[in-house]
Amino acid sequence: MSFAQVHRENYRRQAKSYGIDAEFVSQMVDGFYTKVRNDEELGPIFDAVIQDQWEPHLVKMKQFWRAIALKTGEYEGRPMPAHLKLKNVTKTHFARWLQLFDENLDEVAPTPEAKAFFQDRARNIARSLMMGMFYDPNEELGISS
Ligand code: HEM
C-alpha cells in the first residue's frame, strides 16, 4: 500500500471515530442549508443564484464535504471562482455563514470532535475565500489591477 493510501485510511478511521460518516454529512448539509435559506440576509443571496436548483446544489455540497471529511475524491470543483462572481457578498455575510454553520453543528454533530473538525475546515475555507474576494494586494502596492 502506498503512503497516500495509508494516510487516507488513517484519516477516514479518525473521522469515523469522531462519528463522521456519509449519513452525518448529509444531515449536516441539509440542516445548514435549511438555516441559510431561512436567513434574512443569506437566503436571498443564495436563492438569486441557485433559484430552483437547490437539489443539485445540495448533492454537490454533500460531495464536497464527503471529499473533505472522508477523502472520497468526489469533488473536483473550484470554490473560488464560484464565489468571486458573487459581487454583493460582504465580510458580514461570511460571519453570518459561519455562525449558522456552528449553530447547525451544535444541533446535529454526533461528538464535540466532529463539530471541531467541520468548524475548523469551514473557517479555513472561509478565510481563504475572503482573501480572494476582499483582499487586493495591488491596492497596497499601488499597482493598478
Ligand atoms: C457568505 C458566505 C457564502 C456565500 C454567500 C456563498 C454562496 C454560494 C453560492 C451562491 C454558491 C453557488 C454558486 C453557483 O452555483 O454558481 C456557492 C457555491 C459553493 N460554496 Fe459557497 N458561499 C459562502 C461561503 C462558503 C464557504 C465558507 C464554503 C466552504 C466552507 C463554501 C463552499 C461552496 C462550494 C464548495 C460551492 C460549490 C462551488 C462549485 O460550483 O463547485 N461557500 N456558494
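As a basis for the values below, the full set of heavy atoms in this structure was taken, side chains included, without hydrogen atoms, waters or symmetry mates. Order of listing sets the numbers, starting from 1, for every ligand and every atom in it.
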Side chain, backbone, both or neither: [X] near ligand 1, heavy atoms under 4.0 Å:
{"X": "F64", "answer": "side chain"}
{"X": "Y75", "answer": "side chain"}
{"X": "L129", "answer": "side chain"}
{"X": "K60", "answer": "side chain"}
{"X": "H83", "answer": "side chain"}

So if I count the atoms of ligand 1 from 1 in the order they appear, which ones are less than 4.0 Å from some heavy atom of [X]?
{"X": "K85", "result": "14 (C), 16 (O)"}
{"X": "A82", "result": "38 (C)"}
{"X": "I125", "result": "29 (C), 30 (C)"}
{"X": "V89", "result": "1 (C), 5 (C)"}
{"X": "A126", "result": "27 (C)"}
{"X": "W65", "result": "30 (C)"}
{"X": "H93", "result": "1 (C)"}

Non-hydrogen atoms of A114 and I20 that approach each other most closely: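 In this case the closest contact between A114 and I20 is CB-CG1, 3.8 Å.
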
Residue Y135 excluded, over 12 heavy atoms near OH under 6.0 Å: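 Result for OH/Y135: enclosed.
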
At a 4.0 Å cut-off, with the gap strictly under it, does some heavy atom of [X] reach an atom of ligand 1?
{"X": "F118", "result": "no"}
{"X": "Q53", "result": "no"}
{"X": "H57", "result": "yes"}
{"X": "M61", "result": "yes"}

F118 ring center near F24 ring center (under 6.0 Å):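 Yes, the ring centres sit under 6.0 Å apart.
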
Centroid-centroid distance, F101 to W65, less than 6.0 Å: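 So the answer is yes for these two rings.
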
Pair R121, N124: side-chain N/O donor-acceptor within cut-off below 3.5 Å: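 Note: R121 and N124 side chains miss the donor-acceptor criterion.
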
Between Q5 and R8, a side-chain donor and acceptor under 3.5 Å: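 Note: Q5 and R8 side chains miss the donor-acceptor criterion.
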
Same apolar cluster (I L V M F W Y, side chains within < 4.5 Å links), L129/M131: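 Different hydrophobic clusters.
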
F32 reachable from V59 in the ILVMFWY side-chain graph, under 4.5 Å edges: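 Not linked; separate clusters.
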
Cation-pi check, R37 onto Y33 ring (under 6.0 Å, within 45° of axis):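 Ring-cation test returns no.
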
Side-chain heavy-atom pair H93, T90 within 4.5 angstrom cut-off: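 Contact flag for H93/T90 side chains = yes.
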
Pick from W97, F101, F46: the one approaching atom 24 (C) of ligand 1 most closely through a non-hydrogen atom: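 Looking at heavy atoms only, the winner is W97.
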
Among L100, L42, V49, closest by any non-hydrogen atom to atom 15 (O) of ligand 1: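 Looking at heavy atoms only, the winner is V49.
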
Main-chain N/O of K35 paired with D39 side-chain donor or acceptor, under 3.5 Å: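 No; zero donor-acceptor contacts below 3.5 Å.
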
